[in-house]
Amino acid sequence: MAEFPAFPKDFLWGASTSAYQIEGGAEADGRAPGIWDSFCRLKGRVDNGDSGDVACDHYHRMPEDVALMASLGLQAYRFSVSWPRVLPRGRGGVNEAGLDFYDRLIDRLLESGIEPWLCLYHWDLPQALHDLGGWSSRDCAGWYADYAALCAKRYGDRVKRWITFNEFSVFTLFGYAIPWAAPGIVDRTQHLRAIHHVNLAHGAGVEVLRDLVPGASIGAIHNRQVVIPETDTAENRAAAALLDEHWNLVFCDPQILGHYPPQTAAAIEPFVQAGDMARIARPVDWFGLNHYGPIFAKTDPTRVWGYGWGDAPPDSPTHGVGWAIFPDAFRDELLTIHNRYRLPIVVTENGCGGSDVVSPDGAVHDPHRINYLTIYNAAMRDAMRQGADVRGYFVWSLLDNFEWGSGYGQRFGVVHVDFQTLARTSKDSARWYADLIRAAKA
Ligand code: IFM
């Protein structure tokens, strides 16, 4: 067995997925389209014209997938509820069959000794709500609160770990300013409105969950990566500073510190009403961090905010999907979050993409992923030794799945999925992760 760093015995080990990326069953049992169903149908938006229509067919194969989790020794599983599956029109008109699916999942997890971590929103807004204005509309915060209440009442007897949103800045920036994600809008004002309304929805969600779920432990998941100017010029430094606000600060700061960062505070003022900032800043119990590697910014006048994505220095190590491997930045991010927000941290996503294949020996050999996970876990342990209060780690992802604009071309799972036959094959990294968990508990 490989050598692993020692972790506290009560450290929690899990894996994460999201509804649209794995469930499939796009039209099963009354589910209606969400904004990603529509986005996938727009020509040229998703590689290869892929969609989440079938994905991993987890909707029909859930028991097999929970058995896989148990075989890895996972203690916790983070999944998201598909809003368009449980409320096909987004509000009113509950779909019992959709709600039942998550009842079965939660029960199966609990029977298998795996704690459910339920995320209310991983980017799949019901299309019907987008047609009414979506996140550009202030009403969306109220629609979200009603949806949160439905889930809290239905699942709160068994689920105690709740997550309001996954990666606020990704779906707002790429959905409303740089059109890499649904709904694919490019408009500064709509982007700012979406930021503020999503923050309001988060606050409303925390309030609803506190009221309706006794003993709830509530967090939100933020993707945070240091933003580095591609080259050190004044223009690139300015681009990096604004991207840093939009990527790293415009959700964490108002939600935890009660204010927007400076450039955004001025721009967003027209949409902020009396009492909003207090509503947004309802206390949470922990900070969810998704982290992969640093990002690089450059000035780009063709983009709506004047910044664009730069490249990592040519000599940087990268993983299979081209992202920079930089474990020191992970350690530093954990320490930054600890010092700035003073909350317990759970790493809710970290992992490595690639184009893994089943070998003639029937196995999936992914040494690149094992290497990445090894050095990132060591960096996390270092951060903990230096004082960061990290309580758990969830690998992204349990299964290869629908990787948004990249379709099925990028595989992040520790379990391989053959998207023709839907057969699951544990990769070498799955065995490595199971060994890590076993060693950490020994
Ligand atoms: O697949 C995504 C996930 O949905 C959100 N965080 C990053 C992952 C890899 O790109």
Side-chain angles (χ1 to χ4, degrees), residues 14-24 34-37 39-40 45-48 50-52 55-56 58 77-83 117-125 163-175 178 180-182 198 219-225 247-248 251-252 287-295 309 312 318-326 329-330 333 346-356 366 368-369 372-373 376 393-417 419 427 429:
S16 294
T17 65
S18 87
Y20 190 71
Q21 292 181 273
I22 66 165
E23 284 180 3
I35 53 174
W36 266 95
D37 298 88
F39 191 70
C40 290
R45 296 305 182 103
V46 176
D47 289 356
N48 197 37
D50 289 341
S51 77
C56 308
H58 172 75
Y77 173 58
R78 171 167 80 92
F79 62 96
S80 71
V81 171
S82 161
W83 188 347
W117 286 51
L118 189 157
C119 176
L120 287 165
Y121 191 86
H122 198 124
W123 310 357
D124 48 352
L125 187 73
I163 297 150
T164 56
F165 282 86
N166 180 73
E167 294 185 3
F168 303 84
S169 58
V170 176
F171 75 86
T172 51
L173 181 62
F174 293 166
I178 298 180
W180 293 341
V198 169
I221 294 180
H222 303 276
N223 55 291
R224 298 244 331 185
Q225 282 90 23
W247 194 254
N248 290 319
F251 295 98
C252 312
F287 187 109
L289 170 67
N290 290 0
H291 182 97
Y292 292 84
I295 54 176
W309 248 243
T318 52
H319 60 76
V321 298
W323 297 354
I325 300 178
F326 203 143
F330 183 37
E333 193 60 64
V346 180
V347 176
T348 35
E349 274 185 35
N350 173 244
C352 173
S355 48
D356 316 293
D366 56 345
H368 52 287
R369 183 168 292 102
Y372 176 95
L373 295 174
Y376 270 70
Y393 175 92
F394 289 66
V395 71
W396 182 269
S397 181
L398 177 71
L399 302 170
D400 291 340
N401 57 45
F402 174 74
E403 178 54 23
W404 307 113
S406 306
Y408 295 98
Q410 296 187 355
R411 296 173 175 273
F412 278 82
V414 294
V415 175
H416 180 273
V417 177
F419 292 108
K427 302 180 189 177
S429 58

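We count ligands from 1, going down the list as the structure has it; atoms in each ligand are counted the same way.
Counting atoms of ligand 1 from 1 in the listed order, those under 4.0 Å from a heavy atom of His122 are 3 (C), 4 (O), 5 (C). Residue contact check: Trp404 has heavy atoms under 4.0 Å from atoms 1 (O), 2 (C), 3 (C), 4 (O) of ligand 1. Near Glu403, meaning under 4.0 Å from one of its heavy atoms, ligand 1 places the atoms 1 (O), 2 (C), 9 (C), 10 (O). Counting the atoms of ligand 1 from 1 in the order shown, those under 4.0 Å from a heavy atom of Glu167 are 5 (C), 6 (N), 7 (C).
Under the salt bridge (charged side-chain N to carboxylate O under 4.0 Å, His left out) test applied with Arg224, the options Glu349, Glu167, Glu333 reduce to a single match, Glu333.
Protein heavy atom at the shortest distance from atom 6 (N) of ligand 1 is Glu349 OE1, 2.5 Å.
Between Trp180 and Trp404, the ring centre distance reaches or exceeds 6.0 Å.
The residue from Tyr292, Phe171, Trp123 that puts a heavy atom closest to atom 8 (C) of ligand 1 is Tyr292.
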Practice task
Could you walk me through whether His291 and Tyr376 pass the side chain to side chain contact (heavy atoms under 4.5 Å, CB included) test, one step at a time?
Solution key: CA-CA 10 Å; His291 182 97; Tyr376 270 70; 4.0 Å; yes
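Put simply, the side chain of Ser169 gets close to the backbone of Trp247: a donor and an acceptor are under 3.5 Å apart.
Phe402 does not count as a contact of ligand 1, since none of its heavy atoms falls under 4.0 Å from the ligand. Distances from ligand 1 to the non-hydrogen atoms of Gln410 include no value under 4.0 Å.
The side-chain heavy atoms of Asp37 and Ile35, taken from C-beta on, include no pair separated by under 4.5 Å.
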